[in-house]
Amino acid sequence: MKPLRTESPSEQHAALDRYDSAQLVAAFVDDQRRAADAVYAARDALAAAVDAALPRIAAGGRLLYAGAGTSGRLGVLDSVELLPTFSWPRERALALLAGGDRAMFEAVEGAEDDRDQGAADLRALAPTANDVLLAIAASGSTPYALGALDAARAAGALTIGLANNPGAPLAAAAEIGVVLDTGPEVISGSTRLKAGTAQKIALNTFSSSLMVRLHKTYGNLMVDLRATNAKLRRRALAITVRAAGTDEAAARQALDACGWRVKVALVMLRAGVDAATAEQRLDAAQGSVDAALARRGAGG
């Protein structure tokens, strides 16, 4: 049986075990560059995925992720980072990992081979037509991910399949297939290498693009972050100073008055309104800072 491209031996590094450290590092780093190229080649599919997901998420849908091993862990990582980065509600970014929470830290043998369990885990989330599933598998044939995709499609949710092999069943079965054709790995079959890197880039690109379309930034500034620690409070302060064109004292006063919500502080400072009015303007503008500022004289 012809091996998958991701499982095929690399013809460039047959003597890998005889490389010295400098040669090893050069080989791995050089190969990783191809991950970005693979994502760039799939940019049209990713853009289509963002456009298809946007109205569903804007209507209250959730981002759902499903995968096994490295692919599943990358889905977990993308889901949990949306809260501190964009204040995206945790309950609206849920990740399924074959083998459950324990599989985040150790291999759970055989979990990825259970298609029925993937479907059952997805159904347990009570998917709706406004939800969006990202099913992720380097091989593109992982039964757990395919089962989750089956259940999501049955519920009418949008399905996006990310795979690293052309012709992958996961990409073919999804409404939008994103093929990240990374080819053979330096270490044959170790898809935690550039296949995983490409998946991380693709997930970053998809979720960040979606959040920008949902008005989670002002220009390229991260104005909807959750300032939950000292580092993020410093970042929130710096962003407010920059975006509002004010000094640190005024920015801090506005942030204190609105519970350290950068968007609200920004509208307060730029429009000269109080926190309640700024929040009302943002709500009326679906969270867009530009649109909220344009409402000067309309509603306060």
Worked verdict on Phe206 versus Leu162 for side-chain contact (heavy atoms from CB on, under 4.5 Å): CA-CA 11 Å; Phe206 171 81; Leu162 272 70; over 6 Å; no

Looking at every non-hydrogen atom in both residues, tell me the closest pair between Ala285 and Ala291 and how far apart they are. CB-CB, 3.5 Å

Is it the case that the side chains of Arg270 and Tyr218 hold a donor-acceptor pair, with the cut-off being a distance below 3.5 Å and no angle test? yes

Going by an N to O cut-off under 4.0 Å, is there a salt bridge joining Asp51 and Arg213? yes

Which pair of heavy atoms, one from Ala173 and one from Leu149, lies closest together, and at what distance? O-CD2, 3.7 Å

Return all side-chain donor-acceptor pairs below 3.5 angstrom for residues 190-203, not counting sequence neighbours, or 'none' if the list is empty.
unit_1	atom_1	unit_2	atom_2	d
Lys194	NZ	Asp31	OD1	3.4
Lys194	NZ	Asp31	OD2	2.7
Lys194	NZ	Thr182	O	3.3
Lys194	NZ	Pro184	O	2.2
Thr197	OG1	Gln32	OE1	2.5
Thr197	OG1	Leu193	O	3.2
Gln199	OE1	Ser71	OG	3.1
Gln199	NE2	Ser71	OG	3.1
Gln199	NE2	Asn164	OD1	2.9
Lys200	NZ	Asn204	OD1	2.9

Check this for me: Glu106, atom CD, are more than 12 non-hydrogen atoms of other residues, nucleotides or ligands nearer than 6.0 Å? yes

Would you check if the side chain of Arg90 reaches a backbone N or O of Leu82 as a donor-acceptor pair within less than 3.5 Å? no

For Arg56 versus Glu175, what's the shortest heavy-atom pair and its separation? NH2-OE1, 4.2 Å

According to a 4.5 Å side-chain heavy-atom criterion applied to Ile, Leu, Val, Met, Phe, Trp and Tyr, with indirect links allowed, do Phe86 and Leu266 form part of one hydrophobic cluster? no

Examine distances only and state if a side-chain atom of Arg43 and a backbone atom of Tyr40 form a donor-acceptor pair shorter than 3.5 Å. yes

Single-linkage hydrophobic cluster Leu63~Val178, side-chain heavy atoms < 4.5 angstrom: yes

Is Leu133 reachable from Leu74 through a run of hydrophobic residues whose side-chain heavy atoms are each under 4.5 Å from the next? no

Between Glu11 and Pro9, is there a donor-acceptor pair closer than 3.5 Å when you use the side chain of the first and the backbone of the second? no

Rounded to the nearest 0.5 Å, what's the gap from CG on Leu96 to CG on Asp121? Could you check? 5.5 Å

Atom CD of Gln253 with >12 non-hydrogen neighbours under 6.0 angstrom: no

For the pair Arg62 (side chain) and Leu125 (backbone), establish whether a donor and an acceptor sit closer than 3.5 Å, ignoring hydrogens and angles. yes

Heavy-atom donor-acceptor pair, Asn165 side chain to Thr6 backbone, under 3.5 Å: yes

Could you tell me whether Asp181 and Arg5 have a side-chain N and a carboxylate O separated by less than 4.0 Å? yes

Would a single hydrophobic cluster contain both Val264 and Leu221, if residues Ile, Leu, Val, Met, Phe, Trp and Tyr are joined by side-chain heavy-atom contacts under 4.5 Å? yes

Same cluster or not: Leu94 versus Ile57, using hydrophobic residues (I, L, V, M, F, W, Y) connected whenever any side-chain heavy atoms lie under 4.5 Å apart? no

Does either side chain, that of Tyr65 or that of Asp78, offer a donor lying less than 3.5 Å from an acceptor on the other one? yes

